[in-house]
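Report on the structure given below.
First the proteins, then the strands, lettered A, B, ... as listed; each starts at 1.
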There are 2 protein chains.
Amino acid sequence: MNLPFKALADPTRRKIIMLLKERDLTAGEIAEHFNMTKPSISHHLSILKQADLVSDERKGQNIYYSLNTTVFQELINWFFEIIDYNEGVKNNEDK
Amino acid sequence: MNLPFKALADPTRRKIIMLLKERDLTAGEIAEHFNMTKPSISHHLSILKQADLVSDERKGQNIYYSLNTTVFQELINWFFEIIDYNEGVKNNEDK
DNA sequence: TAGATATTTAGAAAATTGTCTAAATATCTA
DNA sequence: TAGATATTTAGACAATTTTCTAAATATCTA
């Protein structure tokens, strides 16, 4: 649960997530949306990947990035626990 | 939305939130749960407060901290948008 | 195979963050 | 009012993060 929270702390990375919500994109297409070098975007993508928030797949010269919704589900569960929407949803404490 | 995400990026602060989920606590009580000085905990509390995730109220010598669920609700909405659990929860565009 | 395109890796500099000690502020009580 | 307790503020320092440029890797195509 630590890596996803760290990954979401950066506004650039949250914007990347919003872009990927619409459709899968190549690293280059993602970079076009930012005023930042491609290596920097590549680094952000790497952090999102380590956190398992996105996954990548090479197709020829391009690498396509896409959202990985499972970890987002886990994060939602974490928040539900906080506001006590839980107690029955699952059964896991702490974490 | 930036301050809450930043605030949640630190494990100490997430643990504080988990403690406050159970009941309101004084700064000193919170500090007892950590292997860290009181000024450090005070600093973490300040960041949580700036993000509006917690609120504080002085009662005599003590300052009690408590969870502020509204921002957590907003965060949950943000996550719902990501996994498309939305479309009707807020604005119902086409579809 | 050479050159073009897409992307990542490496390494460094600057900015931000987390933690500490020392000192300040606020409140209570004798 | 003086001393004790609870907490924060200030300032410094180390660790982490963000960003850059330069170079490396991977793939395609002529």
Could you list all N or O pairs between the protein and nucleotides 25-30 of chain D that sit under 3.5 Å apart?
unit_1	atom_1	unit_2	atom_2	d
dT27(D)	O2	Gln61(A)	NE2	3.3

Per the salt bridge (charged side-chain N to carboxylate O under 4.0 Å, His left out) rule, what does the pair list look like for residues 54-77 of chain B, sequence neighbours excluded? Lys49(B)-Asp56(B)
By side chain to side chain donor-acceptor pair (under 3.5 Å), Asp24(A) pairs with (sequence neighbours left out) none
Sorted by number, residues from residues 4-18 of chain A placing a heavy atom under 4.0 Å from DNA chain C are none
Residue-phosphate contact under 4.0 Å: Asn62(B) side-chain N/O, dT7(D) OP1/OP2: yes
Side chain to side chain donor-acceptor pair (under 3.5 Å) partners of His44(A), counting only residues at least two apart: Arg13(A)
Near DNA chain C, under 4.0 Å by heavy atom, which residues of residues 39-55 of chain A? Pro39(A), Ser42(A)
Got a donor-acceptor contact below 3.5 angstrom from the Glu29(B) side chain to the Thr26(B) backbone? yes
Kindly write out the residues that satisfy side chain to side chain donor-acceptor pair (under 3.5 Å) with Ser46(A), not counting sequence neighbours, or none if the list is empty. Gln50(A)
Hey, does Ile41(B) have a side-chain heavy atom less than 4.5 Å from the side chain of Thr37(B)? no
Sub-4.5 Å side-chain heavy-atom contact between Ile16(A) and Val54(A): no
Ring pair (Phe, Tyr, Trp, His ring centres under 6.0 Å) against Phe5(B), all qualifying residues, sequence neighbours excluded: Trp78(B)
With salt bridge (charged side-chain N to carboxylate O under 4.0 Å, His left out) as the rule and sequence neighbours excluded, what pairs involving residues 33-42 of chain B come up? none
Heavy-atom side-chain proximity of Tyr65(B) to Leu48(B) below 4.5 angstrom: no
Once the angle between the rings of Phe80(A) and Phe80(B) is folded into 0 to 90°, is it parallel (under 30°), tilted (30 to 60°) or perpendicular (over 60°)? perpendicular
Report the distance from atom CG of Asn77(B) to atom CE of Met1(B), rounding to the nearest 0.5 Å. 9.0 Å
Answer with base, sugar-phosphate or nothing: what part of the nucleic acid does Tyr65(B) contact at a heavy-atom distance below 4.0 Å? sugar-phosphate
Thr69(A): which residues meet the side chain to side chain donor-acceptor pair (under 3.5 Å) condition with it, sequence neighbours left out? none
Within residues 26-37 of chain A: residues closer than 4.0 Å to DNA chain C (heavy atoms): Thr26(A), Ala27(A), Gly28(A)
Could you spell out the base pairing of DNA chain D in dot-bracket, with Watson-Crick or G-U pairs whose two distances are under 3.5 Å, [ ] crossing and | to another strand? ||||||||||||||||||||||||||||||
Do Phe34(A) and Lys15(A) have side chains that approach each other closer than 4.5 Å (heavy atoms only, starting at C-beta)? yes
Determine whether a donor-acceptor pair (N or O, by modelled atom type, separation under 3.5 Å) exists between the side chain of Asp10(A) and the backbone of Thr12(A). yes
